[in-house]
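Computed from a predicted structure; not experimentally measured.
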Amino acid sequence: MNRTIVWFRRDLRISDHAPLYRAALRGAVIPVFVLDRALLHHPETAPARVAFMLACLQALDQELRSRGGCLIIRYGDPVTVLPQLVQETQAEGIYAYIDYERIYGRVRDARLNRALADRQMKIRWFEPTAGTANLMSYPQYRRFWYAEMQAELTPTPSRIEAPPEIESEAIPTLAELGLISDAKPIPTAGTAAARQFLTDFLEQKVDRYYWQLSYPGAEATTGLSPHLKFGVISPRECVQTARQWELANFKAERSRQQLIARLRWGSGFAQRFRYLPQLELQSLYSVFDQDGWQFDEDLYIAWQTGQTGFPIVDAAARCLQATGGWKQLNFRTRAIYASFLSNLLGFDWRLGALHFMRHLIDGDCPIDHYQWAMQAGVTHCVNKSWTRIYNPGQVAVDRCDPEGAFIKQWVPEVAHLPAAVLGAPPPLKNYPPAILNYQAARQRRVKQLDQQRQFRHQANILPHLARLPASVVPFGNERFPSETAWALDGSGVPEAITSQDLFPTALDLESLNSGQADLLRTWFVAHVEIKPHSTTRKSSAKARKPKKSDGFVQLSLLNEFF
């Protein structure tokens with residue numbers, strides 16, 4: 001009987017899984033997950049996210065066992081482990097989804113391709129849903145995405161035959177991986193749990209989702225983002241389930257459209273990273289990083305720990321550290337928190353992304369990094385002349401937490417105050433004063449961005465795009481030492497990586513013609529009219545009540561955007 005290794009990575013499910021289904025049609029299946037130190041000990045590793053992943057592996061193993069298989073766990077570098085497993089099991093080859101979340105993974109997969117070819121071993125790569133190697137315009141991609149979502153789900157194998165003699169390591173604990181738990185509550189893992197989250201959303205929240213997304217206290221999100229990050233459920237299944245659900249009113253229909261749009265945005269961020277993996281490490285346009293950033297360690301710690309003197313910022317900080325943000329810390333609250341660091345303090349957005357990724361249970365590099373850079377105004381819509389810089393004072397309270405419920409939950413020092421003063425609380429013994437002046441900081445940032453964006457009037461953006469850096473050692477390694485041997489040569493010097501050293505390969509910006517450059521440009525422009533939101537504050541109590549809709553085009557930070 002034919003034997004095929006199915007290498008699971010960010011696709012921890014058995015439904016709508018093309019590599020698994022195709023392997024099961026061929027014969028015996030050897031499902032494997034490799035615990036890779038380069039990812040487990042990355043500067044952006046969050047112990048809580050790993051804990052959730054381990055729970056997803058347990059759920060996947062149970063699903064495989066229910067159909068006759070089991071999950072094989074291995075430790076080590078996949079470039080070494082997988083060829084050895086092919087030889088050990090006498091498998092015909094490996095099936096796997098392409099993954100382009102991180103530069104490390106693409107370097108690893110390119111090296112695996114060479115290692116297998118050197119040993120005359122085979123691997124078949126499958127495109128993830130809504131992933132493509134082709135450079136197309138963003139409007140074309142949008143049509144492509146909807147077509148992908150309409151395609152039939154890949155059938156779930158009714159039987160998964162597994163060779164009985166292949167032994168597996170046990171699924172480890174965090175401690176066994178050398179990670180220390182930070183006691184964040186972990187959502188229920190597995191496909192069944194993901195489906196239940198989606199069902200609960202469609203039954204209980206869908207009529208208010210669109211209208212209450214800006215209010216963290218409403219908890220109007222689906223809670224699916226950790227499951228989507230690890231592929232426990234496919235976006236196609238989510239879209240088709242949502243489309244098939246019978247809805248009662250216009251509000252629910254508007255929310256369904258918004259949910260589907262956000263799933264599409266998530267795929268779009270990943271596709272941008274496929275084209276330009278340097279976005280993991282750099283701003284889209286080189287001028288922003290070349291000019292340098294401000295930094296003060298004490299202010300950075302105040303921002304991280306929720307001691308800025310701006311209660312809505314501090315509530316976001318504390319919620320992130322306590323919960324991993326997957327449920328309550330919605331996109332608008334993350335945007336206010338991010339804007340404070342990158343626009344008002346003037347710090348490198350990568351320091352913010354690093355902190356988020358070390359805590360987010362739903363942390364996904366393309367979504368998180370791209371939106372951090374976008375919020376900072378450095379991965380910028382070239383046809384938009386302004387950047388949203390959030391006022392973290394009473395304007396934000398009135399707009400996002402009008403009753404003060406979220407703030408009072410996470411900043412008990414101000415819980416006794418009325419909502420009308422939570423934007424600028426009076427002096428308190430146990431709560432710090434504001435660490436900056438909003439108006440002065442905003443003016444400083446606006447002036448800086450205006451100077452840096454002189455290039456935006458030029459039709460050809462290629463000369464201004466950042467290239468792959470000389471060193472691809474992960475950002476933050478100096479703060480959190482990690483496994484970096486993969487990015488170094490034999491003498492410990494950073495190794496030069498080109499687009500051809502990655503799998504899948506990246507766009508070679510030097511070889512793009514004018515037509516291709518125009519296609520790429522469409523990924524970094526606004527395709528709807530976006531106007532700056534008025535920051536004029538209304539003082540009445542009525543103004544602080546949640547609005548049904550303010551017409552705001554939601555293009556802000558949205559890592560937990562589901």
Side-chain angles (χ1 to χ4, degrees), residues 39 41-50 100-105 225-226 229 265-266 268-270 272-273 276-286 288-289 292-295 297 299-301 303-306 313 316-317 319-321 324-326 329-380 387-390 445 466 468-469 471-480 482 484 555-561:
L39 292 175
H41 296 275
H42 188 281
E44 293 186 352
T45 295
R49 192 163 63 251
V50 176
Y100 32 89
E101 181 188 14
R102 288 199 177 276
I103 291 173
Y104 163 70
S225 54
K229 185 271 186 301
W265 291 348
F269 295 136
R272 287 177 176 90
F273 270 55
L276 299 172
Q278 53 266 45
L279 297 180
E280 179 183 343
L281 300 175
Q282 297 179 309
S283 304
L284 177 64
Y285 304 106
S286 56
F288 296 109
D289 295 335
W293 304 85
Q294 299 180 61
F295 185 68
E297 187 71 39
L299 294 180
Y300 184 45
I301 293 172
W303 175 83
Q304 290 176 306
T305 57
V313 173
C319 178
L320 171 66
Q321 294 218 37
W326 66 280
L329 196 64
N330 64 8
F331 82 96
R332 188 69 64 83
T333 314
R334 295 187 190 199
I336 294 168
Y337 188 33
S339 179
F340 192 94
L341 182 81
S342 54
N343 289 320
L344 300 182
L345 288 173
F347 289 6
D348 192 333
W349 64 268
R350 292 169 291 193
L351 289 167
L354 174 67
H355 179 66
F356 265 41
M357 290 294 288
R358 289 184 64 81
H359 289 281
L360 289 172
I361 295 175
D362 59 7
D364 185 291
C365 180
I367 297 172
D368 188 67
H369 282 231
Y370 190 86
Q371 290 290 356
W372 257 100
M374 189 174 178
Q375 186 57 49
V378 300
T379 293
H380 172 61
T387 290
R388 173 165 283 110
I389 299 177
Y390 285 86
R445 182 62 173 159
L468 271 171
S471 170
V472 294
V473 171
F475 181 86
N477 181 63
E478 68 284 353
R479 284 181 171 270
F480 306 102
S482 57
T484 58
L555 294 178
S556 301
L557 187 83
L558 42 91
N559 195 334
E560 206 304 63
F561 60 136

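Using a 4.5 Å cut-off on side-chain heavy atoms (C-beta onward), T484 and P474 make contact. Looking at Y104 and H42, their side chains never come closer than 4.5 Å, going by heavy atoms from C-beta outward. Contact check for L279 versus L284: side-chain heavy atoms found under the 4.5 Å cut-off. Using a 4.5 Å cut-off on side-chain heavy atoms (C-beta onward), T45 and L39 make no contact. Between L351 and H355 there is no side-chain heavy-atom pair separated by less than 4.5 Å.
Between Y300 and F295, the gap from one ring centroid to the other is short of 6.0 Å.
One finds the CG atom of D348 at 5.5 Å from the CH2 atom of W293 (value rounded to the nearest 0.5 Å). Atom CG of L276 and atom CD of Q282 lie 10.5 Å apart (nearest 0.5 Å). Interatomic distance, OG1 of T305 versus CD of Q321, reported as 7.0 Å (0.5 Å rounding). The distance from the CD atom of E280 to the SG atom of C365 is 4.0 Å, given to the nearest 0.5 Å. One distance of note links CZ of F331 with CD of Q375; it measures 10.5 Å at 0.5 Å rounding. In this structure, CZ in F475 is found 9.5 Å from CG in L281, a value given to the nearest 0.5 Å.
Of the candidates K229, E44, R334, L360 forms a side chain to side chain contact (heavy atoms under 4.5 Å, CB included) with just one, namely R334.
Under a 3.5 Å cut-off, the side chain of T379 and the backbone N or O of Q371 do not form any donor-acceptor pair. Side-chain atoms of R49 never come within 3.5 Å of backbone atoms of D364 as a donor-acceptor pair (strictly under, hydrogens ignored). Between the side chain of S339 and the backbone N or O of Y390 there is at least one donor-acceptor pair closer than 3.5 Å.
V472 and P469 make their closest contact through CG1-O, 4.2 Å (heavy atoms, listed as atom of the first residue, atom of the second, distance).
E297 and R479 are joined by a salt bridge, as a carboxylate oxygen and a charged side-chain nitrogen come within less than 4.0 angstrom of each other.
Legend: residues meeting ring pair (Phe, Tyr, Trp, His ring centres under 6.0 Å) with F340, ordered by chain and number and at least two apart, are F310. Take A353 and apply the side-chain contact (heavy atoms from CB on, under 4.5 Å) test, not counting sequence neighbours, and it matches W349, D368, H369, W372.
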